[in-house]
Every structure is written in C-alpha cells, then in structure tokens.
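Structure first, commentary second.
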Amino acid sequence: MKKISLSSKKNQLRAYVEKHKIAEKLEDALNSCLDKLPEEPFSFLAAKLLELAPPPVVDHLHGRQILDSRGNPTVEVDVYCKINGEVKLMARSSAPSGASTGSSEALELRDKDEKTYLGKGVLKACKNVDEKISPVLQGKELKSLVLLDEIMCKTDGTELKTKLGGNSITACSFALATAGAKLLDQPLFMYLAENFYGKENMPSKFTLPVPMVNILNGGKHAGGKLKIQEFMIVPSKDIPFSQRLKNVTTVYHHLGKLLVKRYGVSAKNLGDEGGFAPLLDTADEALEAIEEAIKSAGFTVGTDIRLAMDAAASEFYDEKTQKYEIVEGEWVTTEELVDWWVALVERHPAICSIEDGLHETDYKGWISMQEKLGDKIMLVMDDVTTSNPRLIKQGIEEKWANSLLLKINQIGTIMEGFEAVRLIHNELQGNVIVSHRSGETTNSVIADLAVGVGAGYIKTGATARGERTCKYNRLLQIEEYLISKEML
C-alpha cells in the first residue's frame, strides 16, 4: 500500500481550508462570540463550528435476534451514524409481536425452522436489515423520518412488507426515529410531532393520552372459557396523567385481592399483557368483578373509572357457519351478537369502548353495530383495518366504526401510522388509540408516539410487568417535561 507523505497531507488540508474558506468562518465565529459575550466562550465557539460541519448521517444498521415478553424471538435494530468523521452507535429499538392478528397485517417474517425457537426465529429478518435495508439508508440524514420510512417501503415494494418483513421494517422505523431525536437533541415525542405536523405547524401545547388499562384477560391472552380477550379500565380524562395512573393502579390491586378471595390464589395469575387471568365463564361475571373492585378502591363506576373491552371476535367466529361462540357452547348469528352487545352496554352503562366486536370481514355487522351503538360509545377498528390507510378509508366511507386502534407493526412504519391518524382525525373526527402488542419489549416508543400525534388514548397493558410499565413511566416523564416547559 502506498503511503501518503506528511507534506502531501498538509497540502491536501491546506487546499481544503482554502476551498471551504475556513479561516473566514473561524473569524466570523470569533466575531459572533465577541458580539454575544457568552458565559462559556469555548462552548459557544464549539457550537458555532459544529454548525459548519457536515450533518450526521446513517452509516449502517444492524439487526439482532432478541426475545420478547412471551419468550419468542423478535427483531432489534442498532442505528450507527457518522458524526464528525466518527461512526457511533446512536440508537437501538425493537419490534413487538401480536397474538391475535388480523389477516391484513404486515408480514411477520419468521425462519420456520422447527429446530430453532419452534420455527419462530427471525434471523432472516435480521439479515434483511443488514443486507437490504442498511445499504439503501447509508448516507441519509435523520431529520425526516418520513423520507427514511419511504425509502424502506419502496425497497420492499409490497403493501404488507412481504419481501423484507414487517418486523424488520418496524424495528428499523422505531430505531431511526429514536436516533433522529437523539441527534437533534429533542425528546422523541417532539421529533415525532415535527414529522407529523411539520415544523411550521407544531402545536404549542400537548396532551397526554388516557390509558386504557388491561385488568382482566380472556381469549388467547389467558385460556379458560371466557371468550372476550381483554377487559380494561379507563380513568377520567379530567385529571392529570399521574393521577389517572394512580387511580387505575389502585383498582388493579383491589381486583387482585378480590379475585383471590372469590376464586382462589390461582385467579391472580397474569395473562400476556399483565391483566389477571381467572377462570371465568361470562362477560357479565368479569365486568361485575371489575365494578366491585372499582367501588372497593373508593371510586365511582362510570365517573371516576369507566370500562372497555377488546372482544377479538375473529377468534371465536366460525367461518363455515358464520356464527360466534360468545359464550362457550352457545353460537349466535351476527344480528344476535350485535343485540347481545347492545344489551351488555345497557346492563353495564360504564362501558365506553368495544374493540373488534365482530369478525374482521363481517362488514354488515360492523355497520349495524355502529348504527346501534356508535352515538353512545367508542367502537374501535383493529383487525378489520390493521392500521392500513387503504382499509381505514374504506371503513370511513362505509361507516364501520368511529375509532381506530393504531399498531405500527400491523402496517410497518411510523410514516404509515401518521397517515392513519390523519384519516381518523381529519375525515372521521374520531378517536385514535395507540396500542402495544401482546408480545412486547422494553422500548417505550409508542408512549412518545401517542403524545406526538395527539392520540386521545393509549393501550399498553396492565400496570404490571416491565415491558408494560416502561410505557407508563415514559408518559410520567413526558408529563413532567411538558409541565416544566409550560407546554401541557
């Protein structure tokens, strides 16, 4: 290898200095320092000179196989950036994974090698991060997350991310957003808000989402006879977030004590999302237990604490008979199920939200339920739209429901999530609930996302288990920040 002489290096540097007028710029920086008279001149000059340096860019991404909260593999991504000529690890994030999934969700790319993690390995997805996604992002700035997400979507070229894997793309989108915020020295929710609203249209005040807290599990999240997947409690929106969290946590612990007393110690076992998983038979039995816990905690049912459910109805629907097993051994038609929901709300008027009350393709049923309950409670689209803007548009046009559950990994990127939120807010004037998945990790990106896009609600499990509480704790941090900046 030919060595470059010291004199040659000096000549190259001299030419660079002259070409970029560095002497003049140094003099300008010094004059600015003398004009401003900062307390720390060296820090001031360093910041001025740093403005003249090339902007930080993506150097490369690295995918890694890690475990989620259910013990299944998922994708984690490291973002390395080139900053002032040095390559540094800037951020790290990971993709969640769902249990009950809609048929139109982005592909979760698995290795399907039964000898390794029972076929659930994600080494192919990690390889796609390293070999297919990283090269197309190399050299790109991180100011615009939308641009970076667009590049990934175009590289895959399919709506459901079937070439690169939705899990690899979601992990990259989360990690790139985290890196962008860090490079710009911004809280992540501010970085996401700038990308969502545009820098010129940023709100001066932000709100914190109302938590919809998983407190009791059935369906795929628990086992047993109870068909409805989640029973949630929802605190009043008229109190600070920290008080909302305190109230629902108090009810959570009271319910635990009540279940043990009534059904035995095993009733306190936890489901995938931290809610209790007692062996109950009916929705009324579950709701009555929760209502009793709310009262024993000193709160008023329907005022201080309301009720919500995620039915995940596709999981107890028989496509051959086109009937639903809402109670074990009892099959009902679409019309009968809609009437069953109406009667349940009448018996329990504290119910404020029902998610996925019907099968994901039972569109006539969705329309009927919206007609009968849409002016009373939130009817939430999840499996029926899978956070997909194309399906959301169809749902708005056909009047399926009035609210949306947003799960970024259902569609792939935060950019596509932005589009989903705009559709609901602007065209439907409905509510958006930013949501976790049953298989989670300890990143808290969705907490910042909920604040950044102005979502009214967040759904991130019980106030127990670290992969759930880290999202609530992040919202407490954001609340404190917004208060200190007079931005709440």
Side-chain angles (χ1 to χ4, degrees), residues 66-76 94-102 105 108 110 117-120 122 166-167 170-171 211-234 248-249 251-253 255-256 259 263 265-280 283 286 289-290 308-316 353 355-356 380 382-383 386-387 405-410 433-447 457-473:
I66 63 168
L67 297 180
D68 68 18
S69 59
R70 294 180 300 170
N72 293 327
T74 190
V75 181
E76 181 176 74
S94 48
S97 173
S100 60
T101 56
E105 290 197 22
E108 193 172 63
R110 299 282 183 181
Y117 289 114
L118 304 178
K120 293 186 177 181
V122 292
N167 43 352
T170 295
M212 303 179 77
V213 177
N214 184 331
I215 196 168
L216 196 149
N217 291 167
K220 273 197 170 183
H221 288 180
K225 295 181 179 180
L226 192 59
K227 297 299 179 180
I228 293 174
Q229 186 166 275
E230 293 177 41
F231 294 82
M232 294 168 276
I233 52 175
V234 185
V248 292
T249 303
V251 174
Y252 177 82
H253 290 301
L255 180 62
L259 292 173
Y263 302 104
V265 69
S266 64
K268 204 177 177 182
N269 291 343
L270 302 184
D272 285 344
E273 298 177 1
F276 300 115
L279 296 178
L280 306 183
I290 297 169
M309 287 173 286
D310 173 9
S314 293
E315 302 298 332
F316 53 82
S353 176
E355 174 190 334
D356 278 353
V380 184
D382 176 20
D383 288 350
T386 58
S387 304
L405 198 76
L406 178 66
K407 298 171 176 173
I408 297 300
N409 83 314
Q410 284 184 327
I433 305 158
V434 172
S435 179
H436 65 160
R437 301 306 301 258
S438 56
E440 267 294 338
T441 69
T442 52
N443 84 58
S444 56
V445 172
I446 64 168
Y457 298 85
I458 189 169
K459 180 179 163 183
T460 186
T463 52
R465 298 182 55 142
E467 77 281 358
R468 314 294 158 182
T469 58
C470 67
K471 280 79 165 171
Y472 293 122
N473 292 339

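Because the structure is predicted, anything quoted here is derived from the model rather than measured. Throughout, residue positions are numbered sequentially from 1 according to the sequence presented.
Contact between R70 and D68 at its shortest, heavy atoms only, is N-OD1, 2.9 Å. Minimum heavy-atom separation, V234 to A308: CG2-CB, 3.9 Å. Heavy-atom minimum distance, I408 versus T170: O-OG1, 4.0 Å.
The side-chain heavy atoms of M212 and I458, taken from C-beta on, include no pair separated by under 4.5 Å.
The line from CD of E273 to CE of M232 is 8.5 Å long, rounded to the nearest 0.5 Å. Taking NZ of K120 as the start and OG1 of T74 as the end, the distance is 11.5 Å to the nearest 0.5 Å. Summarising the geometry, atom CD1 belonging to I66 is positioned 4.0 Å from atom CD belonging to E76; distances are rounded to the nearest 0.5 Å. Taking CG of N217 as the reference point, atom CD1 of I228 lies at 12.5 Å (rounded to 0.5 Å).
Annotation: side-chain hydrogen bond (donor to acceptor under 3.5 Å, both in side chains) contacts of N409 (sequence neighbours excluded): R437. The side-chain hydrogen bond (donor to acceptor under 3.5 Å, both in side chains) check on S94 picks up T441, N443, with sequence neighbours excluded.
A salt bridge links E440 and K471; the closest N-O separation between the charged side-chain nitrogens and carboxylate oxygens is under 4.0 Å. Taking a cutoff of 4.0 Å between a charged side-chain nitrogen and a carboxylate oxygen, E230 and K459 qualify as a salt bridge.
There is a side-chain donor-acceptor pair under 3.5 Å between D382 and Q410.
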